[in-house]
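Worksheet: the structure to be examined is printed underneath.
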Amino acid sequence: MGVDCPNTAGKLECPTCVKLGIKGSFFCNQDCFKRSSGKHDPWPFFTYTGSVRPAYPLSPRREVPESIPKPDYWKDGIPKSERSFDAQRNPRILNKQEIEGMRVSCRLAREVLDIAAAAVAPGVTTDELDKIVHEETIKRGGYPSPLNYRDFPKSVCTSVNEVICHGIPDHRQLQEGDIVNLDVSLYYNGFHSDLNETYPVGKIDEDSQRLIDTTRTCLDEAIAMCKPGALFRDIGKVIEPIAKANGCSVVRTYTAHGTNQLFHCAPTIPHYAKNKTPGAMKAGMTFTIEPMINLGLSHDDHWPDNWTCVTRDGKRSAQFEETLLITETGVEVLTARKDRKRIYP
């Protein structure tokens, strides 16, 4: 059927799809075909859980100037430095110089996210948002961390409605009433930063607003408990009761993580209660907290691209993420917006 078309009984087949060997791309009438011209569902027989559909082909991979320092995976997609036992088991304690490197990278990533978020509106494609993130990152001398990380094809993750995380930017236009998460990660001068927020597209319904507000509260309350000696497993103990009290559930498949010279490293931090994650926070550690909260069940599925994670029941999901530094007395939110609290306590 046509991209963004609710009619599943179309009989007009796309000639381009026929030429490319893509089966099942039908349209209900000429207007539907014109709206969808050049945009194709690459898996027309896949059973989607919700209303969002991919709009292919993807735009070509965006270039990064040779002068910009790059992480070890930029060419072959393999984050070799993350594979060591130490990187995944022992959280690093950063020195003063490294902490300052993290502060700079995180400040730049916040700038990029806020610029991209200002462009969120009905009719804008997620590919256009990817272009903004890519260009703004390059302007600042940074490398967009997601680009070719384990073969991810784009410079930002854009997760719409029932997409929990890792949505791939494409030619689908945002629609009035959607919600969209922008997950920006930036590599600058040897350090990765990571943050995301969920935004309304125009006017949204009450359930979507409740979901967004609940997810933000989950993150804020989790941040407030961070300090030297606090247990990583207790983050989920803070988050899950808030989600449940608001009629929501916590995604269990994906976790928060350490980030520094490596994009993903120790510690690994679940967002649900009664987890058995070992370890305590120490001054000099940098890591994310990034709860993924669903309006329905916590269970997830994946699209055939092996990246896009969606709610199994097709209900909406939201996420917020900050990169944190544990200080001698509490926590500093390295990626905080100017209008939000940065230093705790």
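A quick note: this is a predicted structure, and the numbers were derived from the prediction, not measured.
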Parallel, tilted or perpendicular: ring planes of Trp307 versus Phe152, cut at 30 and 60 degrees: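 Geometry flag for Phe152 against Trp307: perpendicular rings.
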Whether Trp303 and Tyr48 hold their rings parallel, tilted or perpendicular, with breakpoints at 30° and 60°: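 Judged by the thresholds at 30° and 60°, the geometry between Trp303 and Tyr48 is perpendicular.
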Pair His192-Tyr187, ring-ring contact (aromatic ring centres under 6.0 Å, His included): steps then yes or no: CA-CA 4 Å; His192 292 274; Tyr187 180 75; 4.5 Å; yes
[atom1]/[X] to [atom2]/[Y] distance, rounded to the nearest 0.5 angstrom?
{"X": "Leu324", "Y": "Thr327", "atom1": "CG", "atom2": "OG1", "value": "10.5 Å"}
{"X": "Leu195", "Y": "Thr288", "atom1": "CG", "atom2": "OG1", "value": "10.5 Å"}
{"X": "Ser155", "Y": "Ile138", "atom1": "OG", "atom2": "CD1", "value": "7.0 Å"}
{"X": "Phe191", "Y": "Leu94", "atom1": "CZ", "atom2": "CG", "value": "6.5 Å"}

Side-chain heavy atoms of [X] within contact of [Y], under 4.5 Å:
{"X": "Leu113", "Y": "Asn196", "value": "no"}
{"X": "Thr158", "Y": "Leu182", "value": "yes"}
{"X": "Leu262", "Y": "Ser81", "value": "yes"}
{"X": "Asp178", "Y": "Arg316", "value": "yes"}
{"X": "Ile223", "Y": "Val333", "value": "yes"}
{"X": "Thr137", "Y": "Val133", "value": "yes"}
{"X": "Ile293", "Y": "Val250", "value": "yes"}

hydrophobic_cluster_shared for Met225 and Leu334, side chain cutoff 4.5 Å: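 Different hydrophobic clusters.
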Same apolar cluster: Val184 and Tyr254, side chain cutoff 4.5 Å: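 Different clusters: Val184 never reaches Tyr254 through Ile, Leu, Val, Met, Phe, Trp or Tyr contacts under 4.5 Å.
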Contact summary for [X] and [Y], nearest pair of heavy atoms:
{"X": "Val156", "Y": "Asp183", "result": "CG2-O, 3.1 Å"}
{"X": "Tyr143", "Y": "Pro69", "result": "CB-O, 3.8 Å"}
{"X": "Pro200", "Y": "Val120", "result": "O-CG1, 4.0 Å"}
{"X": "Leu325", "Y": "Ile99", "result": "CD2-CG2, 3.6 Å"}
{"X": "Asp72", "Y": "Pro79", "result": "OD1-CA, 3.6 Å"}
{"X": "Gln97", "Y": "Asn95", "result": "N-OD1, 3.1 Å"}

State whether [X] and [Y] are salt-bridged, where the test is any N-O pair (Lys NZ or Arg NE/NH1/NH2 against Asp/Glu carboxylate O) under 4.0 Å.
{"X": "Asp170", "Y": "Lys39", "answer": "no"}
{"X": "Lys96", "Y": "Glu100", "answer": "no"}
{"X": "Glu332", "Y": "Arg103", "answer": "yes"}
{"X": "Asp130", "Y": "Arg62", "answer": "yes"}
{"X": "Glu111", "Y": "Arg107", "answer": "yes"}

When you compare the side chains of [X] and [Y], does any donor N or O come within less than 3.5 Å of an acceptor on the partner?
{"X": "Ser59", "Y": "Lys131", "value": "no"}
{"X": "Thr198", "Y": "Asn181", "value": "yes"}
{"X": "Asp220", "Y": "Tyr344", "value": "no"}
{"X": "Gln261", "Y": "Arg92", "value": "yes"}
{"X": "Tyr149", "Y": "Glu82", "value": "yes"}
{"X": "Asp213", "Y": "Gln209", "value": "yes"}
{"X": "Thr253", "Y": "Asp300", "value": "yes"}
{"X": "Glu197", "Y": "Gln319", "value": "no"}
{"X": "Glu322", "Y": "Thr335", "value": "yes"}
{"X": "Asn294", "Y": "Ser317", "value": "yes"}
{"X": "Asp194", "Y": "His257", "value": "yes"}
{"X": "Ser185", "Y": "Ser145", "value": "no"}

Whether [X] side chain and [Y] backbone form a donor-acceptor pair below 3.5 Å:
{"X": "Asp234", "Y": "Lys237", "value": "no"}
{"X": "Ser105", "Y": "Gly101", "value": "no"}
{"X": "His171", "Y": "Pro57", "value": "yes"}
{"X": "Glu128", "Y": "Thr125", "value": "yes"}

Report, as yes or no, whether the 6.0 Å neighbourhood of atom [atom1] on [X] holds more than 12 heavy atoms from other residues, nucleotides or ligands.
{"X": "Lys70", "atom1": "NZ", "answer": "yes"}
{"X": "Tyr188", "atom1": "OH", "answer": "no"}
{"X": "Lys75", "atom1": "NZ", "answer": "no"}
{"X": "Arg342", "atom1": "CZ", "answer": "yes"}
{"X": "Arg233", "atom1": "CZ", "answer": "no"}

Show me the donor-acceptor pairs within less than 3.5 Å that the side chains of residues 277-287 make with the rest of the protein, sequence neighbours left out.
unit_1 : atom_1 : unit_2 : atom_2 : d
Thr277 : OG1    : Asn275 : OD1    : 3.2
Thr286 : OG1    : Thr259 : O      : 2.8

Pairs under 3.5 angstrom only: tabulate donor-acceptor contacts from the side chains of residues 265-274 to other protein residues two or more places apart or in another chain.
unit_1 : atom_1 : unit_2 : atom_2 : d
His271 : NE2    : Glu290 : N      : 3.0

